[in-house]
Structure formats: C-alpha cells, structure tokens
Amino acid sequence: MVVQRVLESEVVRILDGCTNLNHAKQVHAHIYRNNLHQCSYVITKLLRVITTLRHVPLHSYPRLLFAQVHTPNPFLWTALIRAYALRGPLSQALRLFCSMRKRGITPVSFTFSALFSACGAASDATLGVQLHAQTLLVGGFASDLFVNNTMIDMYMKCGLLRCARRVFDEMTERDVVSWTGLIVAYARRGEMKAAQDLFDGLPVKDMVAWTAMVTGYAQNAMPKNAVEVFQRLLDEGVEIDEVTLVGVISACAQLGASKYAKWIRDIAESSGFGAGSNVLVGSALIDMYSKCGNVEEAYNVFKGMRERNVFSYSSMIVGFAIHGRAHAAIKLFYDMLETEVKPNHVTFVGVLTACSHAGLVNQGQQLFATMEKCYGVAPTAELYACMADLLGRAGYLEKVLRLVETMPMKPVGAVWGALLGASHIHGNPEVAEIASKRLFELEPDNIGNYLLLSNTYASAGRWDDVSRVRKLIREKNLKKNPGWSWVEAKNGMIHKFVAGDVKHPQINEIKKELNELLERLKGIGYQPNLSSVPYDINDKEKRLLLMAHSEKLALAFGLLSTDAGSAVKIMKNLRICEDCHIVMCGASKLTGRKIVVRDNTRFHHFLNGACSCRNFW
DNA sequence: ATAGGGTTAG
C-alpha cells in the first residue's frame, strides 16, 4: 500500500514536467507497467496534462484512458469532461456529463466551471442555460460561489447581460470576482454608467477590478475617463501590471496628445513592464506613438523590443501606413516574413493599405492573390475593402465593381465606402451613385456617405442633385457631425477650435495671422477651392466659410504659439477638406515648417509644399 | 479553480 502511494506521487511528479504528447504517452506506458492505470488519481493527472497540450488533437485518447479505470471517481469524470469541454467537441462533454449524472455520480464545482467556461468560449448560450438549470437540480450548487462566478462569466461571453445580472442578484455570497464579472458584462455592452455604479459599490477593489474599469472606458471610446480612473488607481496605491497598462495606453492613443504619451511611457518603464521586456506593453506603445503622430518614436519602441509578435509587427506596419510611409511599411512586412512571426489578416490590412497609398497596384494585387496560399490568411470582407481602395484610388473604378461582384461574401459598408471615396477622388458621380445606393441601405444613418455623394455632385456642378441629397439628409433628420480641430501648445495645453470660432481668447490675433498667411498664399497662386463647399451659395459666402474652417484656425494658432523650428501638430475629428489640404501644403512651403494633421483616418505630413498622402485621402 | 488583455478603415 505504502509502495503504491510512493509510486503514485512519483508518477504525478513526472507528469508535471510533461510538455508534449509523446512524453505523456511514454509516461502512460510506465503507468501501465506499474499497474497504476486503474488509479483515478494518476489518470486524472494524466488527463489534465494532455488537456493542456494545445495544437495536439485528442481524438478518443481521453476516453480510452478513462475506460481503463473500473470505478472512476467524480474528479476523474470531471477531468474527462473538461478535456472535451475545452478541446471539443463540446457536445461530447455534455454527453459525458449526462452519463455521469445517470450513474448517480455527483459533480463537483469544477465540473460545472469547466463546462461553463467552454460554453462561454463557444458562445453557446443554449447549452449554458441547460447547465444552469442543472446546477439548481444538483444539491448545493445553486449557492456555490465558484460555480456562480463562472456562470456570470459564461453569460457575459454569450452577451446575455440580464442573465448574468440575475445570477449576481440571486447569489447569497459574492466576492470581487463576481463583481468584476458583472462590471465587464456592462462594459462590453457599452453601459459604462452602470459599470461605474457597480464599481463604486464594490466593497474591496483589487487590481483586476480597477483594470476592468480602465479597459472598459478605453474600449468604449471614453479615453479621458480611462485616464482618470487610472490616475485614481495610482493615487490609491493599487498595484498595476501589463494588462492595466495596455488599457490606459490604448486610452492615451485615442487622446493622441504627446503629453499623455510621455506620461504613460514613463510609468510603464518604471513599473517593470516596459516596452523592452513586455511584448504586450511594447505593442500598445507602438500603436500609441503612431496615433500620437510620432511614428519615429513608435519605431524606436519597436526596435527596442526584445521579443516581437504579430501585434508588434502589425501595429508598426499600420503605423507606417497611416503616416504615408508606404515603403517602410512594405519593407517591414517583408522583414517580418523572414522571422518566425506569421502575418495575420490585420497585417495584410496594413500592408495593403500601404500599397494603396503608394499607388502600388500590382504589388498589392500580387500580395492579395498569394495571401491565402502562401501565408494561410483567408480573405475577409475588410481585406476586400482594402482591395477596393487600392484599385479605386488608382482610378480603376470598373475593376472595383467587378471585384465586388466576384467576392465570395456580402460586401460590407467599407467596400462600397472605398468605391464611393474613389469615385469622389476621380470625379465620377455615376459610380458614386451606384456605391451610395448600396451604402445608404447598409449604413442609413452615416451622414458622411451622404456628404461625400453631395460633394461629388458639387464638384461636377450638379447642383440639382446636391439639393436632392441635402433634402434626403433633412428628411432622415441626420445631423452633421460638428467639425473641430485641436492643437497641443508648447506647454501641453490643448486648444480646441470649431468652424467660425469666436470663443478662443486670442481669436483676433489668430484671424490676423490666418489672413496674412492666405494673402501670401494668393501671391504664389493659391485660389480658394470653392467646390469644397457643398452648398449652393455665392462665391463670396463660400470664401468666408472656407476661411473659418477649424483646421485653418488651428494652423494659425499653431504657427503663432510654437517655436519657429518645430512642427505644428493639428488633429481633426473629421476628414480634412480639400481646400484646407491645399492651404496646409502651401503653408508648409511658405513658412518652412513641418505641419502634421491627423484627421479621422490618417496622418498628413506636409513638408515643403507636399503631403505624405500624395493628395489622396 | 473563477474576473481584466494590444493591432483593422472608406
């Protein structure tokens, strides 16, 4: 008996070090030789080990192991169920659960938790609800904290917020894990108010709960709140880790201000989770710097990372692409192919966007054609949108129409949007009509599409059609998203401008500066681009409207408030208008300043009269 | 044992 025990624990110790299936099978043979194959304890351990071996197909191996034991105990049953629950097929796990119940064997908490976590991963709410009912039938589990917590998580992952809430409300005992589960459920639904109320009522908050709030705000495009919560977390002396940092870094990326970028970079470096040693933080910082307009620093972070994964490469490639550094993006893509890191569809979105901006139609088509065969990346609707953009931008509008007809899935808005954008760039109202017809069905409330169509008509002088579109906008009661721009002054203060701004304290000085600049531009041939105004009003009124655009005010302020040698960085919430783009080009030439404008999709780097976007955006 | 996780754009 004692010898048996010693053997058992020895085998279990060996199993702990098992990292591949062959090794596990060798140990299995050893178990058999020592007549331990009927021992629940040993076989349970073996099952657990092989369950963790990802990428190894399990087939019927778990069942065969299990069948050798004459009187399996609940733990062995659970290990078997867990193997199929986590590795699939889930239906098999459920069948085993039923036979366990039929044999009168009482499950343990872990049996339910394994099944719930699998239902969550598979988003299988039907099965989850059935199992929920089982927990009520089997004595004692309705009030089991651990089981209830995994149930909340399951309902959260299935998107069933009300069910998660009911479990929470009916729990007799709750801990910080229960609260956090529900907070995340609300956050994923975008109900940050409810999440915040729950969090405020949470008696003992830990790092994970705080992180859930930071991440929740970041994911719901409320970066200011995310930063505030993070600051409070720091003030209260809560520990942080890489997950906390990633959440707040993503918020700083959305804020786009170098002040926040520096702030969080320093915190990350001194926390022990710096870019050099942590892939997660490093990749998030790459994305943040590129979205803050500092693609050089993004690249510095990239170069300084000890380990890089597909996120690091993709973020950097996308970063180069949105800054108009197409060749750098493409080169990095080919560098990546030399490493073990495999590209995914996001990587291809990045590299195809780069090809599109550089006008490299052939190279982009080549990559798209070989993507699946050579790199195992299946085309998605988003990738088709990249192709529509690539071809459309280059002027091949008919080819885009053919691509749309032949694509194997239903075109998403982005595909038609790319075609509409291309029709606008190439002044083709007929194709713009085709694209917008489909786009209005898919995105009836997206005012940008209506404006782009109206703009295309305006450029062609088709004013009747312009008013028809404007009537459509009125009928649908769509409100134009107010355009605004902001500039970070030397001290990190952010100055915000709207079109026709009168509220800024230095507005007179700014207007004077702008007027002088525009006069000097006229001296070198600038003419206000009146077709940028999609209203049927007289030319004088058009000139006045154009002059008051928020990005022009921001430019004038930026020129006034920063040092002569430094770049002016402007951010805009909408697409930059053609006339402003022309003015930025001219201003960069006249003043010798570098001007960087981030609009809603990309960065424009104006230097010496030219823009990095090659006047396509 | 259970809760928080980064890259996609017209």
Side-chain angles (χ1 to χ4, degrees), chain A residues 48 78 82 108-114 116-117 120 144-154 156-157 175-185 187-188 202 206-216 218-219 240-250 253 278-288 290-291 309-319 321-322 343-353 356 380-383 385-386 388-389 392-393 412-425 435-436 439 443 446 448-449 452 575 600-602 617:
Chain A
R48 284 191 186 169
T78 300
R82 185 166 174 266
V108 293
S109 313
F110 199 53
T111 321
F112 283 112
S113 92
F116 282 131
S117 101
D144 186 295
L145 177 64
F146 179 55
V147 168
N148 281 321
N149 281 349
T150 52
M151 219 143 61
I152 290 177
D153 188 54
M154 181 272 296
M156 185 267 290
K157 292 200 167 108
D175 64 3
V176 65
V177 177
S178 337
W179 288 82
T180 308
L182 201 61
I183 287 170
V184 171
R188 297 245 169 117
L202 175 51
D206 67 0
M207 174 174 73
V208 179
W210 280 98
T211 303
M213 289 306 295
V214 173
T215 307
Q219 289 172 343
I240 57 170
D241 71 2
E242 78 265 38
V243 185
T244 324
L245 282 166
V246 160
V248 68
I249 291 170
S250 143
N278 192 294
V279 228
L280 208 76
V281 171
S283 305
L285 286 174
I286 291 171
D287 175 58
M288 177 188 77
S290 89
K291 286 183 178 148
N309 63 12
V310 64
F311 287 94
S312 335
Y313 275 99
S314 304
S315 300
M316 196 63 242
I317 289 169
V318 170
I322 62 172
N344 64 13
H345 67 286
V346 180
T347 324
F348 274 94
V349 167
V351 72
L352 289 176
T353 306
S356 174
T380 60
E382 282 71 27
L383 284 163
C386 290
D389 187 57
R393 222 173 261 275
V412 290
V415 177
W416 295 113
L419 182 58
L420 176 59
S423 313
H424 175 248
I425 293 171
S436 38
L439 214 40
E443 303 174 350
N446 184 343
N449 297 330
L452 212 48
R575 186 178 182 278
N600 57 350
T601 53
R602 67 172 50 78
W617 71 97

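Letters go in sequence order (proteins before strands), and every chain restarts at 1. Basis for what follows: all heavy atoms, side chains included, without hydrogens, waters or symmetry-related copies.
Within 4.0 Å of A:D206, counting heavy atoms only, lies at least one base atom of the nucleic acid. A:Q219 comes within 4.0 angstrom of the backbone, heavy atoms only, and of no base. At a threshold of 4.0 angstrom between heavy atoms, the contacts of A:S178 with the nucleic acid are absent. Counting non-hydrogen atoms under 4.0 angstrom, A:N600 reaches nothing in the nucleic acid. Residue A:V279 is in base contact, counting any heavy-atom pair closer than 4.0 Å across all strands shown. Using a 4.0 Å heavy-atom criterion, one finds that A:V243 contacts the bases of the nucleic acid, with or without backbone contacts as well. Residue contacts for A:L285: at a heavy-atom cut-off of 4.0 Å it reaches no nucleic acid atom on any strand shown. In this structure, A:M156 reaches the sugar-phosphate backbone alone: every heavy-atom distance under 4.0 Å involves primed, P, OP1 or OP2 atoms, never a base. At the heavy-atom level, A:G413 lies under 4.0 Å from base atoms of the strands shown. Residue A:L420 is out of contact with every strand shown, counting any heavy-atom pair closer than 4.0 Å. The residue A:T215 sits close only to the backbone: its heavy atoms come under 4.0 Å of sugar-phosphate atoms, none of a base. A:G417 comes within 4.0 angstrom of a nucleotide base, judged by non-hydrogen atoms across all strands. Backbone-only contact: A:R602 has heavy atoms under 4.0 Å from sugar-phosphate atoms and none from a base. At a threshold of 4.0 angstrom between heavy atoms, the contacts of A:V346 include nucleobase atoms, whether or not backbone atoms are also involved.
Between A:L145 and A:S178, the shortest heavy-atom distance links the atoms CD1-OG, 3.8 Å.
Side-chain atoms of A:N148 never come within 3.5 Å of backbone atoms of A:M151 as a donor-acceptor pair (strictly under, hydrogens ignored).
Taking 4.5 Å as the limit, some side-chain heavy atom of A:T180 sits within range of a side-chain heavy atom of A:V176. The closest side-chain heavy-atom distance from A:N149 to A:D175 is below 4.5 Å. Taking 4.5 Å as the limit, every side-chain heavy atom of A:E443 sits out of range of all side-chain heavy atoms of A:W416.
A:D153 and A:T150 form no side-chain donor-acceptor contact under 3.5 Å, judged by distance and modelled atom types alone.
From the 5' end on, the contacts that DNA chain B makes with chain A at under 4.0 Å to a non-hydrogen atom open and close at B:dA1 to B:dG10.
The only option from A:T353, A:L383, A:T380 that meets the side chain to side chain contact (heavy atoms under 4.5 Å, CB included) definition with A:F348 turns out to be A:L383.
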